[in-house]
Protein chains: 2
Amino acid sequence: MKKSKKGSYDGKITLVDVALAAAVSPITVSRVINQPEKVSEAARLKVQKAIDELGYIPNQHASSLASSRSGVIGVAIPSLSNVVFTDVLRGIYKVMGAAGYKVLLVDTHYSPLEEEKMVRTLLSQSPEGLIITGGDQTPACDQLLRKSRIPLVQIMELLPNPIDMNIGFSHLLAGADVVAHLLAQGYQRIGFIGARMDPRVQQRIRGYTQALAKRDLFEANLIATSPEPSSIALGGALFKSLMAANEGRIDAVFCANDDLALGALFEAQRMNIAIPKQLAICGFNDIEAATYVNPSLTSVAVGRYEMGVKAAELIIQALNQQPIDNKQIDMGYVIKQRDSTHRQQ
Amino acid sequence: MKKSKKGSYDGKITLVDVALAAAVSPITVSRVINQPEKVSEAARLKVQKAIDELGYIPNQHASSLASSRSGVIGVAIPSLSNVVFTDVLRGIYKVMGAAGYKVLLVDTHYSPLEEEKMVRTLLSQSPEGLIITGGDQTPACDQLLRKSRIPLVQIMELLPNPIDMNIGFSHLLAGADVVAHLLAQGYQRIGFIGARMDPRVQQRIRGYTQALAKRDLFEANLIATSPEPSSIALGGALFKSLMAANEGRIDAVFCANDDLALGALFEAQRMNIAIPKQLAICGFNDIEAATYVNPSLTSVAVGRYEMGVKAAELIIQALNQQPIDNKQIDMGYVIKQRDSTHRQQ
DNA sequence: TTGTACGCGTTATCAT
DNA sequence: ATGATAACGCGTACAA
């Protein structure tokens with residue numbers, strides 16, 4: 001089962017095998033694959049024929065090693081079971097796929113330590129670019145990334161000290177704006193429901209707290225949170241404890257995401273609380289259900305797919321040595337007002 | 001910026017650099033990383049120190065090339081924006097991550113041609129195993145996979161002719177069972193709403209059609225479909241056209257998935273149709289919202305995460321040369337009856 | 001347009 | 001337990 005110096009059979013067809021079959025040199029085969037325009041029509045056809053007949057598939061590891069170009073972009077996200085990230089991913093895959101890059105995707109489970117481990121994994125694949133979530137890296141991971149000298153985009157939030165490039169929006173401002181919206185609608189006792197408590201949720205809470213405190217409307221028991229992953233079920237449960245902790249004296253709930261908001265909304269319905277008459281509910285992320293649920297759910301919309309696209313484009317620009325006018329991009333957000341927070345009607 | 005024969009600096013630290021720093025041979029460094037037990041305590045410490053100080057990260061491409069072990073498992077799914085697949089993915093990542101394998105994930109966009117392209121991409125990375133969705137490969141892709149001689153699992157549905165291993169459930173039986181359930185509840189004119197029309201949805205329709213035809217209850221205009229991706233919005237739209245096409249004479253709707261079902265449910269509410277009194281709605285996949293929406297939504301539950309786990313375990317078993325008792329595994333399904341199809345109460 | 005020589009960073013093999 | 005040597009399969013640089 002060994003393979004002799006020149007292309008004897010071992011199951012794996014190599015470039016040398018193709019070269020032998022086509023009666024050309026290996027480098028010509030290489031060129032047919034990578035720079036067909038530099039090869040004569042005749043040679044190209046011969047080689048292509050051999051490739052097809054032998055079912056040759058290039059060995060990307062050998063190619064990467066020889067050229068130090070892996071064609072791989074590493075991506076690290078905190079969770080695979082959250083639309084928020086898969087939407088961004090779709091944008092990344094779209095652009096990277098079209099540009100001929102493969103995406104190596106890792107899941108950090110919201111843990112900086114896991115992230116560090118995963119970044120090592122990614123780096124060992126000699127990625128040409130990296131897209132990671134947020135700015136909550138361990139010091140070691142931060143060092144690793146700074147030393148790596150490849151284009152890097154941190155996504156999902158605006159960072160004070162980006163390692164390289166950064167694209168996202170201000171969760172702090174968004175949180176404060178939601179409060180402003182609710183106040184403008186006449187709601188006063190505004191509760192907050194949050195789960196998983198990642199850095200972005202914490203920023204939303206800060207925005208919420210600051211906005212309320214500024215009007216002297218903040219109280220600690222207005223906040224109900226859980227370290228567990230968000231879910232509709234958890235939203236319902238947190239809503240119940242929020243109401244209990246305030247003896248029902250709550251007239252609006254700001255939920256850290258739409259799953260929690262749906263849970264709160266469904267639970268409120270079961271408790272026969274009229275929305276938005278007795279109680280307003282505002283979500284975050286604007287998932288599709290927000291538009292169609294009854295009553296429709298006010299939520300904060302962000303161009304996640306577009307953020308993925310833009311992040312990928314930034315990487316590609318950097319790889320093509322094109323100038324990048326702005327290393328930090330604010331995607332902004334829009335509060336989509338719907339029935340669930342529409343008091344006067 | 002070149003690198004001389006022995007470890008002069010070029011930005012990339014190699015195994016040779018580490019060996020030099022630790023005053024051992026390169027192979028010893030390699031052993032410290034891959035088979036630490038075969039190295040003396042003293043050498044191990046020296047080498048580990050050098051690795052840490054230099055920030056050495058192994059080059060996986062060189063390793064793969066030399067050892068013909070890439071540590072990569074290729075996974076192909078039709079869509080990143082569908083919980084159904086990301087749930088499975090979570091299971092795959094869980095097991096593969098724990099076993100030290102990297103996952104290379106590609107998105108086929110429900111297209112066999114795209115899938116063939118992506119499979120080529122995957123194969124060029126010398127994956128040690130492959131997990132792909134369904135059995136709708138192009139002939140060329142099928143050939144590629146059969147020739148590849150690496151463990152392969154086809155997931156999501158039960159296939160008549162699996163290439164290698166197969167894990168899923170019968171969408172045909174599930175479709176028929178849903179009809180049986182609705183009939184048992186006393187519903188007679190049962191419509192079907194479907195979108196995207198991939199092979200699995202088609203099987204569900206076949207099951208539905210056969211079950212109805214057997215009782216002479218089938219009519220062509222009971223089916224409303226669209227080639228577009230499923231969404232809540234589309235569910236609402238298809239529901240409206242289904243009702244229009246039947247002049248409202250529909251007393252149950254079987255939706256190909258829960259997004260469509262939620263769309264139908266929300267739209268029915270807006271049309272003031274009482275559920276389940278006037279109309280039953282049954283979904284498919286049992287996403288979390290099905291349990292909590294009001295009224296709660298009957299749906300077909302499948303252990304997707306478990307399917308991902310099992311698929312990954314099959315691959316690993318095969319890689320470890322362990323015997324595999326059953327190359328085809330039926331995950332089964334359960335109809336979760338909830339309020340939306342509960343006529344007598 | 002085509003080919004030659006060599007190196008990419010690591011591991012397998014065989015010695016010591 | 002440790003090391004020398006030769007691949008692994010391909011691309012770069014230069015030559016023809």
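All values reported here derive from a predicted model rather than from experimental measurement. Note that these values count all heavy atoms, side chains included, but never hydrogens, waters or copies made by symmetry.
Going from atom CD of B/Glu37 over to atom P of D/dT2 covers 13 Å, rounded to whole Å. Separating the CG atom of B/Asn59 from the P atom of D/dG9 is a distance of 16 Å, rounded to the nearest angstrom. Regarding B/Lys46, its NZ atom lies at a distance of 15 Å from the P atom of D/dA1, rounded to whole Å. Atom-to-atom, CG of A/Leu45 to P of C/dT1 comes out at 15 Å; the value is rounded to the nearest Å. We find that NZ of B/Lys38 is positioned 12 Å from C1' of C/dT11, with the value rounded to whole Å. Across the protein-nucleic acid pair, A/Ile57 atom CD1 and D/dC10 atom P stand 11 Å apart, rounded to whole Å. Rounded to an integer number of Å, the gap from CG of B/Leu65 to C1' of C/dG7 is 12 Å. Between B/Asn34 atom CG and D/dT2 atom P the separation is 16 Å, expressed in whole Å.
The side chain of B/Ala62 has C/dG9 as its nearest neighbour among C/dG9, D/dT12, C/dT11. In the set C/dG9, D/dG11, C/dT10, the nucleotide with an atom closest to the side chain of B/Leu15 is C/dT10. For B/Ser63, the side-chain atoms get nearest to C/dT11 when compared with the rest of D/dC10, C/dG9, C/dT11. Candidate nucleotides D/dA1, C/dT10, D/dC10 were compared by shortest atom distance to the side chain of B/Tyr56, and C/dT10 ranks first.
Of the possible polar contacts, none joining the A/Tyr56 side chain to the A/Asp17 backbone as a donor-acceptor pair under 3.5 Å is found.
Neither OP1 nor OP2 of D/dT12 sits under 4.0 Å from any side-chain N or O of A/Ser67. Remark: B/Ser40 is in phosphate contact with D/dT2, judged by side-chain N or O atoms under 4.0 Å from OP1 or OP2.
Note on residues 139-152 of chain B: pairs passing salt bridge (Lys or Arg N to Asp or Glu O under 4.0 Å), not counting sequence neighbours, are B/Asp142-B/Arg146. Counting only residues at least two apart or in different chains, salt bridge (Lys or Arg N to Asp or Glu O under 4.0 Å) contacts with residues 71-93 of chain B comprise B/Asp87-B/Arg90, B/Asp87-B/Arg304. Here salt bridge (Lys or Arg N to Asp or Glu O under 4.0 Å) pairs that include residues 101-117 of chain A, with residues two or more places apart or in two chains, are A/Glu116-A/Arg120. For residues 24-51 of chain A, the salt bridge (Lys or Arg N to Asp or Glu O under 4.0 Å) pairs, not counting sequence neighbours, are A/Lys49-A/Glu53.
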Collect all protein-nucleotide pairs involving nucleotides 3-5 of chain C in which both atoms are nitrogen or oxygen and the distance is under 3.5 Å.
{"residue": "C/dG3", "atom": "OP2", "partner": "A/Ser25", "partner atom": "N", "Å": "3.2"}
{"residue": "C/dG3", "atom": "OP2", "partner": "A/Ser25", "partner atom": "OG", "Å": "3.2"}
{"residue": "C/dG3", "atom": "OP2", "partner": "A/Thr28", "partner atom": "OG1", "Å": "2.5"}
{"residue": "C/dG3", "atom": "N7", "partner": "A/Arg31", "partner atom": "NH1", "Å": "3.3"}
{"residue": "C/dG3", "atom": "O6", "partner": "A/Arg31", "partner atom": "NH2", "Å": "2.6"}

Enumerate, atom names and distances included, each donor-acceptor pair closer than 3.5 Å involving a side-chain atom of residues 307-322 of chain A, sequence neighbours excluded.
{"residue": "A/Asn320", "atom": "ND2", "partner": "A/Ile316", "partner atom": "O", "Å": "3.4"}

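A/Gln154 and A/Asn166 share no side-chain donor-acceptor pair at under 3.5 Å.
Nearest-nucleotide assignment on DNA chain D puts the 5′-proximal partner with B/Ala42, out of A/Gln60 and B/Ala42.
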